Asker: 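Take a look at this one; I'll ask things after.
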Amino acid sequence: MTPADPHVQLVRDATFARLDTTGAITGVRGTAPDGVFARDGRHLSRWQLTVDGSHPAVLVPASREDDHTTSCVLTPKGTRDAPPAYTVFREQSVSAGEFTEHLRLVNNRPDAVTARLELTVDCDFADLFELRADDRDYPKPDGGREVTTVAGGLVYEYRRADWHAGTTVTSHPAPDGIAAQAAGTTARTLTWELDLAEHGEAELHLTVATDPSPPSSYPAVGRTAPEATDDLARACERGLADIDLLTIAVEGVDGEPVRVPAAGIPWFLTLFGRDSLLTSYFLLPYRPGTAAATLSALAATQGTRYDDFSGEQPGRIVHETRQGELAHFRQVPYGRYYGAVDATPLFLVLLHAHHETTGDPALASRLEQHARRAVDWMLTDGGLSEHGYLVYTPDPNGLVNQNWKDSAGAICFTDGTQARGPIAVCEAQGYAYDALVRTAELSEKVWGDAEYADQLRARAADLRQRFADDFWMPGPGFPALALDGDGRQADALASDAGHLLWSGILDEDRARRVGRRLLEPDFFSGWAIRTLAAGQRPYHPLSYHRGSAWPHDNAVIALGLARHGLDAELRTLAQALTAAAAHHGHRLPEVLAGYPRDSTSTPVPYPHSCSPQAWAAATPLALRTALARFRRSRRTNRSVGAADQDS
């Protein structure tokens, strides 16, 4: 809860709620909707309490007791000479597919009193895509809602063709009355007359159950205890706790249940290709099981056919999955949407990295055919053979840009013009190079196919050489953001170049030049590296991808700085991000504004940032890994130097 957004957010087991400071839900739409949400739909759009005929006064506003529980203290209105007769202690929480409320009423007087409580309830079953749409209309020609009064509460149902969703509200004790708010609406007001003995108490319990709902029980996900009291350790602890909150159950490649990190709240509590892969990579040294689960889940949804609407192609790794109504009826392409140029190579990168980290070949063997199909996609539909690079064409029904900077206008020239397709973004070529190199090693060491390994290495070497020729801009001494469909360099100076240090596609000299350049003031805000260097025409500190700063983007860059021995730059970046996290309760938001550190005492959050958000939550772990890798490398170099001197 912040002054700009006076709401409390609760989350647990793929269910979340946003409430105001009294615990109410009013049906807000737009960029910050309130309600109870499960499976991409709003299952409670109104939840407003009155006591003795009016809205209660707030003694203690709602605040989180933990990530899934909040409490507040309310009273009927009173005066100095006639203080409130009783006090309402309100506690609310979410769990798998449920929202619960416990009201405890305490009589403040030496005489018996009767408290009259009224709760107005409604359920609009709005899809998340509807709620965040600017002016777009999603017709539902045969959809209909109805509400039924049952013993102890209400049952809301929504049906549209073969789509069904339901919400059940139950109360103990049962309400004394249930009344419609207005003809033709589904809003209902539940009423209780609760008798309180002198200085006595009464309780009211309410449960809201969603249908369909996620599984009610999951295997526990281990937490890592704090290792030290410094800020990075606290950020790591907070990040792991947030990953736990965002972990959802999905189906693996052989139908087994697996637990994977969803991308973020409120918009992305679902499996994402790119997000889940990078999050799992950041977590790999600490929770390798997360990578195994993510790889299995993405193998299960790997493309098998051609579908222009969803972007599905054989071997392609999914960008995102959705379970909501609009996805079900293909009014949005996101049920299984494949509009990502980078998820497929990142799948291969993570598969090898899991084997490299664990030493266990079982997963790489199990997913061999999926990996080969992913390579085939890169060579064919991905564009490596035809265009020489991984490319994408803007999707008129989905995403204009299909790399991690997927907002319209993000892949631009220095004049701000959006590049036209087929677009080859620089970081995706780095991922492709790394994927080919890593998969070659799996082929040789795990699959026993030396011939295939040689073919992949030859492809990788060719890609690396052509990339050096086509993407490097001699003037600024920096890689182009992308090549457009005519082979022109999209010459905006962008943070994507930092990913090339991680993937290893740049030679050592150029990699170190890029790493140092990213820490100059136009790129580095003092809190983090900006997505675009300041001073360029398209730069805007509050733009989603043209001037803001993303922690996960910085995490990839940090790993690249460590790879190339840029110690000073790595430490500067890690300290800045850790300080930014400390200003947000040690939780890094999805996005930070690009304002320089010397102009604000605290980092300015991006207005519509998800929080928690998976790859931001995992960023402190990536920073820890980067710092540890550099320390190991430095110790190794010292040992080699000493041995050379001895000899």
Side-chain angles (χ1 to χ4, degrees), residues 274 277-285 342 345-346 348-350 352-353 356-357 403-405 425-438 460 463-464 467-468 471-472 476-482 493-520 523-525 528-533 549-578 588 615-616 618-634 636-637:
R274 177 193 310 120
L277 286 162
L278 282 175
T279 298
S280 299
Y281 185 90
F282 295 166
L283 293 174
L284 192 54
D342 48 11
L346 288 172
L348 294 167
V349 168
L350 184 62
H352 170 270
E356 182 180 49
T357 300
N403 65 324
W404 82 262
K405 293 180 177 175
V425 288
C426 70
E427 78 274 13
Q429 316 318 316
Y431 302 160
Y433 168 78
D434 197 18
L436 292 169
V437 171
R438 288 173 178 270
L463 174 60
R464 192 172 194 252
F467 182 87
F471 275 80
W472 190 257
F478 203 77
L481 171 56
L493 302 184
S495 63
D496 307 55
H499 294 220
L500 305 175
L501 279 66
W502 174 57
S503 64
I505 197 171
L506 293 178
D507 64 41
E508 187 66 23
D509 177 64
R510 287 181 172 178
R512 293 174 70 86
R513 288 175 65 184
V514 170
R516 294 190 178 104
R517 179 68 181 83
L518 289 169
L519 270 294
E520 292 182 14
F523 263 119
F524 182 57
S525 72
I529 294 168
R530 300 179 177 99
T531 46
L532 279 187
W550 290 62
H552 93 277
D553 183 31
N554 282 252
V556 175
I557 294 170
L559 292 167
L561 295 173
R563 176 173 184 157
H564 292 281
L566 294 167
D567 180 35
E569 290 78 7
L570 171 60
R571 290 184 177 279
T572 296
L573 183 58
Q575 289 168 1
L577 286 165
T578 301
L588 281 167
W615 56 16
T619 287
L621 282 304
L623 297 178
R624 174 182 281 174
T625 300
L627 292 167
R629 284 179 181 173
F630 185 84
R631 286 193 293 268
R632 286 197 299 271
S633 174
R634 187 165 54 185
T636 300
N637 291 339

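The shown structure was predicted, so the numbers you read here are calculated from the model rather than taken from an experiment.
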Asker: Taking side chain as C-beta onward, heavy atoms only, is His499 less than 4.5 Å from Asp553?
Answerer: yes
Asker: As an exercise, state the distance from CG of Leu566 to CZ of Arg512, rounded to the nearest 0.5 Å.
Answerer: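 One finds 4.5 Å between CG of Leu566 and CZ of Arg512.
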Asker: A side-chain contact here means heavy atoms from C-beta on lying under 4.5 Å apart; do Arg571 and Asp567 qualify?
Answerer: yes
Asker: Answer yes or no: is there a side-chain heavy-atom contact under 4.5 Å between Val514 and Leu500?
Answerer: no
Asker: Kindly give the heavy-atom pair with the smallest separation between Leu350 and Ser280, and that separation in Å.
Answerer: CD2-CB, 3.8 Å
Asker: Identify the heavy atoms of Pro551 and Leu577 that sit nearest to each other, and give their distance.
Answerer: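 It is CA-CD2, 4.4 Å.
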Asker: For a ring pair (Phe, Tyr, Trp, His ring centres under 6.0 Å) check, start with the C-alpha distance between Tyr431 and Trp404, then their side-chain angles and the critical distance, and finish with the verdict.
Answerer: CA-CA 12 Å; Tyr431 302 160; Trp404 82 262; over 10 Å; no
Asker: Do side-chain atoms of Arg517 reach the backbone of Pro476 as a donor and acceptor pair under 3.5 angstrom?
Answerer: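 Not a single qualifying donor-acceptor pair exists.
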Asker: Return the set of residues passing ring-ring contact (aromatic ring centres under 6.0 Å, His included) with Phe524 (not counting sequence neighbours), or none when no residue passes.
Answerer: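 Phe524 satisfies ring-ring contact (aromatic ring centres under 6.0 Å, His included) with no other residue.
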Asker: Could you check whether any side-chain heavy atom of Glu427 comes within less than 4.5 Å of a side-chain heavy atom of Trp502, counting everything from C-beta outward?
Answerer: no
Asker: Nearest 0.5 angstrom please: Tyr281 OH to Leu621 CG, how far?
Answerer: 13.5 Å
Asker: Would you check if Leu501 and Arg563 make a side-chain contact, meaning some heavy-atom pair closer than 4.5 Å?
Answerer: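 When only atoms from C-beta onward are counted, Arg563 and Leu501 do not touch, as no gap falls below 4.5 Å.
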Asker: Report the distance from atom CG of Leu284 to atom OG1 of Thr357, rounding to the nearest 0.5 Å.
Answerer: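 Output value for this atom pair is 3.5 Å.
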Asker: With a 4.5 Å heavy-atom cut-off, do Ile529 and Leu519 have their side chains touching?
Answerer: yes
Asker: Using every non-hydrogen atom in the two residues, find where Leu348 and Ala435 come nearest and quote the distance to one decimal.
Answerer: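 Heavy-atom minimum between the residues: CB-CB, 3.8 Å.
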Asker: Any idea which heavy atoms bring Leu463 and Ala432 closest together, and the distance?
Answerer: CD2-CB, 4.0 Å
Asker: Is any side-chain heavy atom of Leu346 less than 4.5 Å from a side-chain heavy atom of Arg274?
Answerer: yes
Asker: Rounded at 0.5 Å granularity, tell me how far CG in Leu573 sits from OG1 in Thr578.
Answerer: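 If I round to the nearest 0.5 Å, the distance is 9.0 Å.
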Asker: Test of understanding: with salt bridge (Lys or Arg N to Asp or Glu O under 4.0 Å), list the residues that count as partners of Asp496, not counting sequence neighbours.
Answerer: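 Here the qualifying residues are Lys405.
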Asker: To the nearest 0.5 angstrom, please state how far the OG1 atom of Thr531 sits from the CH2 atom of Trp550.
Answerer: 9.0 Å
Asker: Can you find a pair of side-chain heavy atoms, one from Leu570 and one from Leu627, that are under 4.5 Å apart?
Answerer: yes
Asker: Considering residues at least two apart in sequence or located in another chain, which fulfil the ring-ring contact (aromatic ring centres under 6.0 Å, His included) criterion with Phe471?
Answerer: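 Phe471 satisfies ring-ring contact (aromatic ring centres under 6.0 Å, His included) with Tyr389, Phe467 only.
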Asker: What's the verdict on side-chain contact (heavy atoms from CB on, under 4.5 Å) for Leu588 and Trp615, showing C-alpha distance, side-chain angles and the deciding distance?
Answerer: CA-CA 9 Å; Leu588 281 167; Trp615 56 16; over 6 Å; no
Asker: What heavy-atom pair brings Ala626 and Ala562 nearest, and what distance separates the two atoms?
Answerer: O-CB, 3.4 Å
Asker: Any idea which heavy atoms bring Ala494 and Leu481 closest together, and the distance?
Answerer: CB-CD1, 3.7 Å
Asker: Out of curiosity, Ile557 CD1 to Glu569 CD, how far, rounded to the nearest 0.5 Å?
Answerer: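 CD of Glu569 is found 12.5 Å from CD1 of Ile557.
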